[in-house]
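Let me begin by presenting the structure, written as structure tokens, before commenting on it.
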Amino acid sequence: MNSRSPSSAKDAPPILNFIGGEFVAAGSGKTFENRSPVDARLLGLVSEAGKAEVDAAVKAARAALAGPWGALEMNERTELLYAVANEINRRFDQFLEAEVADTGKPVSLARHIDIPRGAANFKIFADVVKNVPSEFFQMATPDKKGAINYAIRVPRGVIAVIAPWNLPLLLMTWKVGPALACGNTVVVKPSEETPATATLLGEVMNAVGVPRGVYNVIHGFGPGSAGELLTRHPGIDAVTFTGETRTGAAIMKAVADRVRPVSFELGGKNAGVVFADCDFDAAVEGMGRAVFANCGQVCLGTERVYVERPIFDKFVAALKARAESFKLGRPEDASTGLGPLISPEHRDKVLSYYERARKEGATVITGGGAPKMEGELAKGCWVEPTIWTGLPEDSAVVREEIFGPCCHVRPFDTEEEAVRLANDTQYGLATTLWTTNLARAHRVAAQIEVGICWVNCWFLRDLRTPFGGSKQSGIGREGGVHSLEFYTELRNICVKL
Ligand code: NAD
């Protein structure tokens with residue numbers, strides 16, 4: 001990763017695919033550029049996998065499944081996963097540097113969230129699989145001798161893992177951890193925007209002795225490239241995907257002919273609901289994180305904020321002050337609160353919504369454009385933290401996922417209205433609810449149509465709990481034992497006594 005310094009990036013060897021335990025360049029010689037979103041400098045070239053590399057990766061994964069990986073006892077497998085977690089922690093700074101270079105996110109954020117969770121995802125699922133009970137039923141039979149039925153869990157096989165760029169290592173290992181713990185092998189397609197940490201994980205796998213072919217990485221894009229080649233590959237037994245809802249729809253079509261199972265964590269347009277009886281300062285702080293953390297590029301983030309009318313003006317003023325307190329800057333600068341967006345394309349998309357809000361008649365409380373950055377930073381993908389009020393609920397800005405550091409704030413008068421507004425969306429990923437009324441907290445939380453509803457907090461995650469989205473925000477639940485539903489199949493065995 002040291003070769004990613006600006007002066008040597010062009011001449012540095014490209015980031016390679018990782019297939020069967022070897023780092024390999026695509027036979028076609030095709031590469032694509034990986035640029036920093038902070039200042040557009042070239043970080044390096046990435047080898048783009050074609051059909052030959054995707055075939056080879058799937059073949060390597062299949063061979064490992066039938067061979068050394070499949071032959072391991074569960075305890076041997078889980079010991080290797082603990083070793084992977086420890087090795088990520090040992091190379092913590094290397095992962096941190098790679099993740100920050102690719103994403104531009106503040107070092108402080110990646111240090112506390114991305115890399116520790118990347119390691120934890122291997123530990124937690126190793127623990128989970130060791131503690132899973134099995135179903136057992138005694139059954140009556142006409143001859144009175146009976147039968148016993150029990151179910152064993154078997155791995156699904158070769159799992160395709162398609163990952164996004166917003167929390168690259170964290171979200172990729174959230175899938176790879178349980179997949180491997182359950183005895184599967186994987187072919188990972190990281191986002192084209194963030195190829196580094198998935199590749200580095202290949203080094204970790206080799207270093208701790210995970211058999212070759214268990215973990216494979218192919219680089220490239222989605223349609224017409226490595227992503228589509230992988231999801232259409234006949235050797236794939238299941239696809240687990242995190243990303244946009246419309247990409248999920250494309251992947252569903254790709255696997256439909258072969259009727260392969262999918263697990264999807266998709267987009268959202270999450271609501272925050274703030275009652276007048278909330279702990280005001282805590283609600284402002286929490287909503288400030290929910291809207292602006294990671295420059296708004298968090299699937300669980302809030303883009304629609306509903307505030308009970310008596311505190312509406314005061315809340316908007318406090319959230320404005322919070323938005324204006326963030327310093328935009330280089331990730332390694334300790335005072336940086338917000339980094340850039342991931343890419344010029346994403347910046348242009350977010351700015352198009354900023355423009356649209358203005359056209360649709362929004363009141364711009366703060367932000368609303370691109371900031372003036374100095375020197376090299378002027379080439380980066382920066383946008384201002386932005387708050388709007390005054391838009392109708394059917395405006396595109398209120399209905400569509402923007403995935404930027406922005407929100408629309410609207411007042412409500414009754415609990416029923418708050419629930420109706422929160423639920424008025426095609427998405428159903430997460431909500432954050434702020435109230436000191438315990439009965440109301442339980443009552444409202446149960447009515448909101450989402451996979452996770454936080455009360456008086458945001459982004460608190462116990463990895464044993466179910467995680468996923470309702471409506472168009474996903475299919476299935478992962479986390480703790482729930483991940484086993486996707487990464488294993490139950491095989492029922494009936495023994496006549
Ligand atoms: P994306 O859908 O554009 O890309 C995700 C991955 O899919 C990338 O690796 C991409 O190359 C690949 N891909 C794209 N088209 C493909 C195709 N046709 N076939 C196979 N692979 C394809 O998403 P993104 O922009 O990387 O991430 C942002 C999105 O992810 C947002 O919508 C966000 O809400 C969502 N997200 C959801 C969760 C969740 O847990 N629900 C978590 C993080 C991000």
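Residue numbers start at 1 and run along the sequence shown. Just follow the structure's listing: the first ligand is 1, and inside any ligand the first atom is 1. Side chains included, hydrogens not; waters and symmetry mates left out as well; all remaining heavy atoms used.
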What atoms in ligand 1 come closer than 4.0 Å to a heavy atom of L171?
42 (C), 43 (C)

Is the NZ or CZ atom of R356 both under 6.0 Å from the centre of the six-membered ring of W388 and within 45° of that ring's axis?
no

May I ask you to check if ligand 1 and S473 share an N or O to N or O distance below 3.5 Å?
no

Mode of E192 contact toward ligand 1 - side chain, backbone, both, neither (heavy atoms, under 4.0 Å):
side chain

Pairing donors with acceptors under 3.5 angstrom, does anything connect the side chains of E449 and S470?
no

If we ignore angles and hydrogens, is there a donor and acceptor under 3.5 Å between the side chains of N121 and T173?
yes

Per-atom contacts of ligand 1 with F241, taking only distances under 4.0 Å to non-hydrogen atoms:
2 (O), 5 (C), 6 (C), 7 (O)

Pairing residues for D462 by the side chain to side chain donor-acceptor pair (under 3.5 Å) criterion, not counting sequence neighbours
R464

Proximity to ligand 1 by part of P190, non-hydrogen separation under 4.0 Å:
backbone

Tell me whether ligand 1 is touched by S225 - counting only heavy atoms on the residue side and a distance under 4.0 Å.
no

Which is it for L429 and ligand 1 at heavy atoms under 4.0 Å: side chain, backbone, both or neither?
side chain

Would R156 count as a cation-pi partner of F486, with NZ or CZ less than 6.0 Å from the six-membered ring centre and within 45° of the ring normal?
yes

Could you tell me which residues satisfy side chain to side chain donor-acceptor pair (under 3.5 Å) with T247, sequence neighbours excluded, listed by chain and number?
none

Does any N or O atom in A250 lie less than 3.5 angstrom from one in ligand 1, N or O only?
no

So is E244 polar-close to ligand 1, meaning N/O to N/O under 3.5 Å?
yes

Atoms of ligand 1 close to F221 [distance to a heavy atom under 4.0 angstrom, numbered from 1]:
11 (O)

Among side-chain atoms of E478 and S263, is any donor-acceptor pair under 3.5 angstrom?
yes

Regarding R117 and the six-membered ring of W174, is the cationic atom NZ or CZ under 6.0 Å from the ring centre and inside 45° of its axis?
yes

Tell me yes or no: between the side chains of T199 and H219, is some donor less than 3.5 Å from an acceptor?
yes

For ligand 1, which is the ligand I care about here, please tell me if P164 has any N or O atom under 3.5 Å from one of the ligand's N or O atoms.
no

Test of proximity, N166 against ligand 1: N or O pairs below 3.5 Å:
no

Return the option from G267, G248, C299 holding the heavy atom at the smallest distance from atom 38 (C) of ligand 1.
C299

K189 neighbourhood, listing ligand 1 atoms whose heavy-atom distance to it stays under 4.0 Å
8 (C), 9 (O), 10 (C), 11 (O)

Is it true that F467 lies under 4.0 Å from ligand 1, counting heavy atoms only?
yes

Which residue and heavy atom of the protein sit nearest atom 31 (C) of ligand 1, plus the separation:
E401 OE1, 3.4 Å

Aromatic ring pairing F23/F18, orientation class (parallel under 30°, perpendicular over 60°, tilted between)
tilted

Could you tell me whether ligand 1 has any atom less than 4.0 Å away from a heavy atom of P223?
yes

Would you please indicate yes or no on a ring centroid separation below 6.0 angstrom for W434 and F315?
no

Can you check whether T245 has an N/O within less than 3.5 Å of an N/O in ligand 1?
no

Going by the order shown, which atoms of ligand 1 are within less than 4.0 Å of some heavy atom of E228?
19 (N), 20 (C)

Would you mind finding which of G224, P168, A163, G468 brings a heavy atom closest to atom 6 (C) of ligand 1?
A163

Output yes when D424 and K269 qualify as a salt bridge under the 4.0 Å nitrogen-oxygen rule, no when they do not.
no

By number and element, which atoms of ligand 1 are closer than 4.0 Å to a non-hydrogen atom of I162?
6 (C), 7 (O), 9 (O), 12 (C), 21 (N)

Establish whether atom 2 (O) of ligand 1 and some protein heavy atom are separated by less than 4.0 angstrom.
yes

Are the side chains of M287 and T432 in contact, using a 4.5 Å heavy-atom criterion?
yes

Hey, does G469 sit under 4.0 Å from ligand 1 if you only count heavy atoms?
no

Using a heavy-atom cut-off of under 4.0 Å, does the side chain or the backbone of T247 touch ligand 1, or both, or neither?
side chain

So, Q472 versus T245: side-chain donor-acceptor pair below 3.5 Å or not?
no

